[in-house]
Amino acid sequence: QVQLVESGGDSVQTGGSLTLSCETSGFTYENYCMGWFRQSPGKEREGVAAIDSRGMPYYADSAKGRFTISRDNAKKIMTLQMSSLKPEDTAMYYCAAAFFCPQIVGPLSGAGQVNYWGQGTRVTVSS
């Protein structure tokens with residue numbers, strides 16, 4: 001059974017930091033690009049960051065310079081370190097697995113391209 005379990009969401013003030021984690025099981029983790037989408041009310045789910053099996057990161061413009069994605073292929077865990085958080089970062093954050101990272105971040109990005117999803121963890125940034 002495929003499982004992606006997110007944790008680490010919380011409420012913080014503007015300028016604060018959070019680290020999100022995604023623990024996975026039930027699929028060949030090292031064969032997939034892993035990443036994060038986020039969705040706020042009334043908006044489409046958007047790719048924020050992704051990392052391929054070799055550790056190459058990909059970031060949306062909104063995340064560059066503030067977010068750092070990493071993965072541990074042995075533990076099958078992925079993390080997203082977020083700093084300098086802004087109110088516009090408020091969203092539900094979803095862990096995702098896809099065959100290719102451009103399916104998570106970039107011109108090919110889309111929720112329909114993802115193979116596996118987590119249930120989400122909520123991030124709230126207050127001003």
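Not measured: the values here are computed from a predicted model. FYI, the numbering just counts along the sequence from 1.
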Taking salt bridge (charged side-chain N to carboxylate O under 4.0 Å, His left out) as the definition, give me every residue that meets it alongside Lys64, ordered by chain and number, with sequence neighbours left out.
Asp61
Any Val12 side-chain heavy atom under 4.5 Å of Thr124 side chain:
no
So ring pair (Phe, Tyr, Trp, His ring centres under 6.0 Å) across residues 4-39, not counting sequence neighbours, yields Phe27-Tyr32, Phe27-Tyr116, Tyr32-Phe99, Tyr32-Tyr116, Phe37-Trp117
Please report the interatomic distance CD1(Ile104) to CE(Met34), rounded to the nearest 0.5 Å.
7.0 Å
Summary of salt bridge (Lys or Arg N to Asp or Glu O under 4.0 Å) pairs that have at least one residue in residues 96-107, sequence neighbours excluded
none
side-chain hydrogen bond (donor to acceptor under 3.5 Å, both in side chains) involving Arg66 - partner list, sequence neighbours excluded
Asp89
Summary of ring pair (Phe, Tyr, Trp, His ring centres under 6.0 Å) pairs that have at least one residue in residues 59-87, sequence neighbours excluded
none
Suppose we screen for side-chain hydrogen bond (donor to acceptor under 3.5 Å, both in side chains). Which residues come up paired with Thr79, at least two apart in sequence or across chains?
Ser70
What is the distance from atom CE of Met78 to atom CG of Leu4, rounded to the nearest 0.5 Å?
7.5 Å
Is it true that Met92 and Val114 fall in one hydrophobic cluster, defined by side-chain heavy atoms closer than 4.5 Å?
yes
Selection residues 2-26 - residue pairs positive for ring pair (Phe, Tyr, Trp, His ring centres under 6.0 Å), sequence neighbours left out
none
Counting N and O atoms only, with roles assigned by atom type, does the side chain of Ser17 sit under 3.5 Å from a partner on the main chain of Ser83, one being a donor and the other an acceptor?
no
So does Glu44 have more than 12 non-hydrogen atoms from other groups sitting under 6.0 Å from CD?
no
Counting C-beta onward and ignoring hydrogens, is there a side-chain heavy-atom pair between Val123 and Met82 closer than 4.5 Å?
yes
In chain order, what residues pass the side-chain hydrogen bond (donor to acceptor under 3.5 Å, both in side chains) check against Gln113, with sequence neighbours excluded?
Gln103
Taken in chain and number order and not counting sequence neighbours, the residues that satisfy salt bridge (charged side-chain N to carboxylate O under 4.0 Å, His left out) with Glu30 are Lys76
A side-chain contact here means heavy atoms from C-beta on lying under 4.5 Å apart; do Thr14 and Val125 qualify?
yes
If we ignore hydrogens and angles and just use 3.5 Å, is the side chain of Ser40 paired with the main-chain N or O of Ala91 as donor and acceptor?
no
For Glu46, give me all partners under salt bridge (charged side-chain N to carboxylate O under 4.0 Å, His left out), at least two apart in sequence or on another chain.
Arg38
With sequence neighbours excluded, tell me which residues meet side-chain hydrogen bond (donor to acceptor under 3.5 Å, both in side chains) with Asn73.
Arg71
Residue pairs involving residues 77-127 (criterion disulfide bond (SG atoms under 2.5 Å apart); sequence neighbours excluded)
Cys22-Cys95, Cys33-Cys101
Do Ile77 and Thr24 come within less than 4.5 Å of each other through their side chains, counting heavy atoms only?
no
Ser109 side, atom OG; Arg45 side, atom CZ - distance, nearest 0.5 Å:
11.5 Å
Answer with yes or no whether the hydrophobic clustering places Ile69 together with Leu20; edges join I, L, V, M, F, W, Y residues whose side-chain heavy atoms lie under 4.5 Å apart.
yes
Working note: Glu6 + Tyr93, criterion side chain to side chain contact (heavy atoms under 4.5 Å, CB included); need CA distance, chi angles, decisive distance, verdict.
CA-CA 8 Å; Glu6 303 96 333; Tyr93 283 71; over 6 Å; no
To the nearest 0.5 Å, atom CG of Asn31 lies from atom CG of Asn115 at 11.0 Å
